[in-house]
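Worksheet for the structure shown next.
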Amino acid sequence: MLKRNSCALRKTAGIGLAVLALLIVGAVPVWAQSRKTLTVELFDRGNLKPGAEPVDSNLWTRYIQQEFGDKYGYDVKFVLVPRSREVDQLNILMASGSAPDICFTYDRGVIQNYIKQGGVLDLEAAFDKYGAELKAFLGDDVLQWGRFSGKLYSIPARRVTLTNQGTLIRKDWLDKLGMKPPTNKAEFYQAIKAFKDKDPGNIGKDKIVPYKLATYDYQQLADSFITYSKITHREYRTMSWGFLSPSLSRPGYIEGMRFLNKMYHDGLISLDFFLDKEGKLAKEQIINGRVGAFTCNVGVNFDLFKEMKLNVPSAEYITVDCFEDDRGLTAKSSNSRAGLQIIVPKYSKNVEGVIKYLNWMSDPKVIFYLQNGIEGVHHTMENGLPIMIDTEAAKKDFYSGNNVDLSIIANGKFIKDDATSLRAEAKRFPGYENLFITLYGNSLKNNNPVLPPFETPLLNEAKYSGILNTKWSEWLVRMVQAAPADFDNVYAAGMKEQLDAGEKAIMDEKLQVYAKEFPMMKGTEHYMSVK
Amino acid sequence: MSQMASTKPSSPTFRRTGFGIVLKEIRNDWILYALLAIPFVWILVFKYFPMYGLIMAFQDYNMFQGVFASPLIGLENFKEMFSMQDFFRVLRNTLMLNFMDLIVGFPAPLILAILLTELRSMAYKRLSQSILYFPHFLSWVIIGGLALQIFAPSGMINNFLATFGIDKVPFLTEKNHWLITYILIGVWQNAGWGTIIYLAAIAGINEELYDAAAIDGAGRFGRIWHITIPSIRSTIIILLILSLGRIVSIGFDRPFVFQNPFVLEYGEVISTYVYKIGMQYARYSLSTAVGLFQSLINIILLVTAEYFTRKAGERGIW
């Protein structure tokens, strides 16, 4: 009796379990299907530190999945793209139909190209519906950069620091030589020449780097020779004023190049940075206290100062703002408020998800977590500002400065507002906060107005900017290295080549668009007089 | 044969037609054909099949519409290509680098092979061979990185020269110096590997010829000049034709790794140019047109070289 009962019991239990298992297994795919997959592009900078988790599977991605994915019903997957080849990779992903829902790039020409081919989606509708907080966070002066012909094809990130570049010079060397910090270009030239001739740091004449340049850092100095007092609004809007491939036809620029040429032949600058693709040589020069002065993006190289102090305790930099133009002002270019541009490929089925994701991210709490991590582990709080913990264990979890690769709608450390954010950013460089803030302030003085984009898309710019960017370094090398007697010819030849290679086509198109969008302008108004 | 035909009159396999014989050959050596099938299929799939993409050269390619829907624009891309100020420079550089590689780099494996054959000690010969063809296996990225460390203005050699007060030599930053450095590194990388083919060819030369020459009074160099080289003449010519046939295409890795803005006057070649314009700026149509042009020149050269070889009495490639 008992045996039979237990047998029957076991049988029922067995059947019951089997049914339960089937239900669970059957339910899982149904449940899983109710969650959509949202794919997000993520830069891989190839800088994984020992002991760190993979770039696409770590505490940040888990946080994102938990706080966004689980709550809104999405499986968030990251698609890795090598940072150094981000444009090539993006093109390939777009062309092969495998681009993630959220793509981004800094290059506006690339986006123009996709728009021309009908490859990206207009985000206006979804943005109005789901992006209220995002709209408030970004603001109109950022969003205008996402509009092309009136349609919202991209969502730009908000740039927290607006500046471009500043110049630093060695105070200890100036003191040793009894010189005061330079207040104009002539004095700057004297100072770095004295660095080279007199070697105030006693490091050996051949080791001195009087004025260190890298990639595009010469622009501020060269641009200061442009005759800004005569530049018209029309010239300002139709010539190329960027740093990737500036127009050689700008009035006065030839003198800037001539100045660089002179400095090169006097041994004050070197073009070695072209061979130093990873910046190793540049780092080594600063760390060993060999650099007399340098110009670069605000904040760059500040992380090397700690080690520099260890090697050369007397080394100290101060900031100078001495590249004056023909108006006596230290004109500088500046970035627009918009940073990274986020786009959605036309075959994406997840436009809503994209906007919801970005909207969720615009919550200051979320940005704070992504950029600063966990209190006690990655940062400590001091007067309401996060101070990053400077140990290898704490730093290894960050794959990019301020985790900007993940917090894609905020380019730069964002806390509440610009002033607080600036103080927080300065806190990243203990001991050099004041230098950072002063440098930042200097780099904003006399800034040239940011050019808002034209309404009409610029097809020639999309077509030729690639070639022009590629050739720019060749022209630069030729002009800087030319024998001083040949310089004028070399510059003229370079200018003609640039015009033929596409610059003229771009300018002609811009002139037409300018005439259309600024019909009241006569073409003689000074560029600063127009709002 | 005829008995077989009478016992199986209706079976087509054993008919004495050309096709019948071919089938029989295949049946007899089916293993060889099976082995050949794999690379054959590989070539069909990866080299012939993708050729449909060549139509991109005649389209205004829209990456979102794809190859079958993009608008055709005829020869516009080719017109743009010929009007690009850089195009002829790039073509010239490709030809120049390849030609110099040919002149300097072609004899090198041959000379090395002959030298290796003359070695007495087998052990030393084997050791040298291994050391010589090791560089072939290094990727150009590694070689480029090494070259930078050694030849850059702040690299090993220039630092060494600086201690003696000698001026820096712009190995990589002046276009003429760069050219020589580029070619010689190429020889270093490839010469050892090329010797393998020549060594195999030389090994096939009849020993008696050497003995006869020695008896006739030929010294070491006489033997090399009169026996070794003429005996491997066919091999040399075939390899020469193959090299000529590739003279308009040039690998991508090597020029790309060694390029820098100082030397683009000589250093920009078709492959790197196509990469920059095509891949980086998504001008896929234009870069396809350039590639197609390159292949066309290659074919013409190949056929021409083949023609002249046949005329000279050699076997040629096909």
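Throughout, protein chains are lettered first and strands after them, A, B, ... in sequence-line order, and every chain is numbered starting at 1.
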Query raised in the report: What part of B:Glu80 gets closer than 4.5 Å to chain A, counting heavy atoms only: side chain, backbone, both or neither?
Result: side chain
Requested in this report: Counting only heavy atoms closer than 4.5 Å, note whether A:Glu497 contacts chain B via side chain, backbone, both or neither.
Outcome: both
Query raised in the report: Rounded to the nearest 0.5 Å, what separation is found between the NZ atom of B:Lys276 and the CG atom of A:Asn469?
Result: 12.0 Å
Query raised in the report: Is B:Phe88 atom CZ crowded by more than 12 heavy atoms from other residues, nucleotides or ligands, each under 6.0 Å away?
Result: yes
Report task. State, to 0.1 Å, how close B:Asn62 and A:Gln117 come at their nearest heavy-atom pair, and which atoms those are. Result -> ND2-O, 3.0 Å
Requested in this report: Please say whether more than 12 non-hydrogen atoms of neighbouring residues, nucleotides or ligands are located less than 6.0 Å from CZ in B:Phe82.
Outcome: yes
Query raised in the report: Side chains of A:Leu281 and B:Ser154: closer than 4.5 Å at any heavy-atom pair?
Result: yes
Query - Residue, of A:Lys116, A:Met94, A:Arg478, A:Lys346, that accumulates the most heavy atom pairs under 4.5 Å with chain B - result: A:Met94
Report task. Provide the closest heavy-atom pair for A:Leu271 versus B:Phe262 in the form atom of the first, atom of the second, distance. Result -> O-CZ, 3.3 Å
**Report entry** Within 6.0 Å of OH in A:Tyr347, more than 12 heavy atoms from elsewhere
**Finding:** yes
Requested in this report: Report, as yes or no, whether the 6.0 Å neighbourhood of atom CZ on B:Phe137 holds more than 12 heavy atoms from other residues, nucleotides or ligands.
Outcome: yes
Report task. Apply side chain to side chain contact (heavy atoms under 4.5 Å, CB included) to B:Tyr273 and A:Thr470, showing your working. Result -> CA-CA 10 Å; B:Tyr273 190 64; A:Thr470 306; over 6 Å; no
Query - Part of B:Asn260 within contact of chain A (heavy atom distance under 4.5 Å) - result: side chain
Requested in this report: Mark yes when over 12 heavy atoms from residues, nucleotides or ligands other than A:Tyr106 sit less than 6.0 Å from its OH; otherwise mark no.
Outcome: yes
Query raised in the report: Is the count of non-hydrogen atoms from other residues, nucleotides or ligands lying under 6.0 Å from B:Met96 atom CE greater than 12?
Result: yes
Report task. Sort out for me which of A:Ala501, A:Gly119, A:Gly502 touches chain B most, counting heavy-atom pairs under 4.5 Å. Result -> A:Gly119
**Report entry** From CA spacing to verdict: side chain to side chain contact (heavy atoms under 4.5 Å, CB included), B:Tyr275, A:Asp88
**Finding:** CA-CA 9 Å; B:Tyr275 171 71; A:Asp88 315 352; 2.6 Å; yes
Query raised in the report: CE of B:Met63 to CG of A:Leu93: how many Å apart, nearest 0.5 Å?
Result: 10.5 Å
**Report entry** Geometric class of the A:Tyr114/B:Phe64 ring pair [parallel <30°, tilted 30-60°, perpendicular >60°]
**Finding:** perpendicular
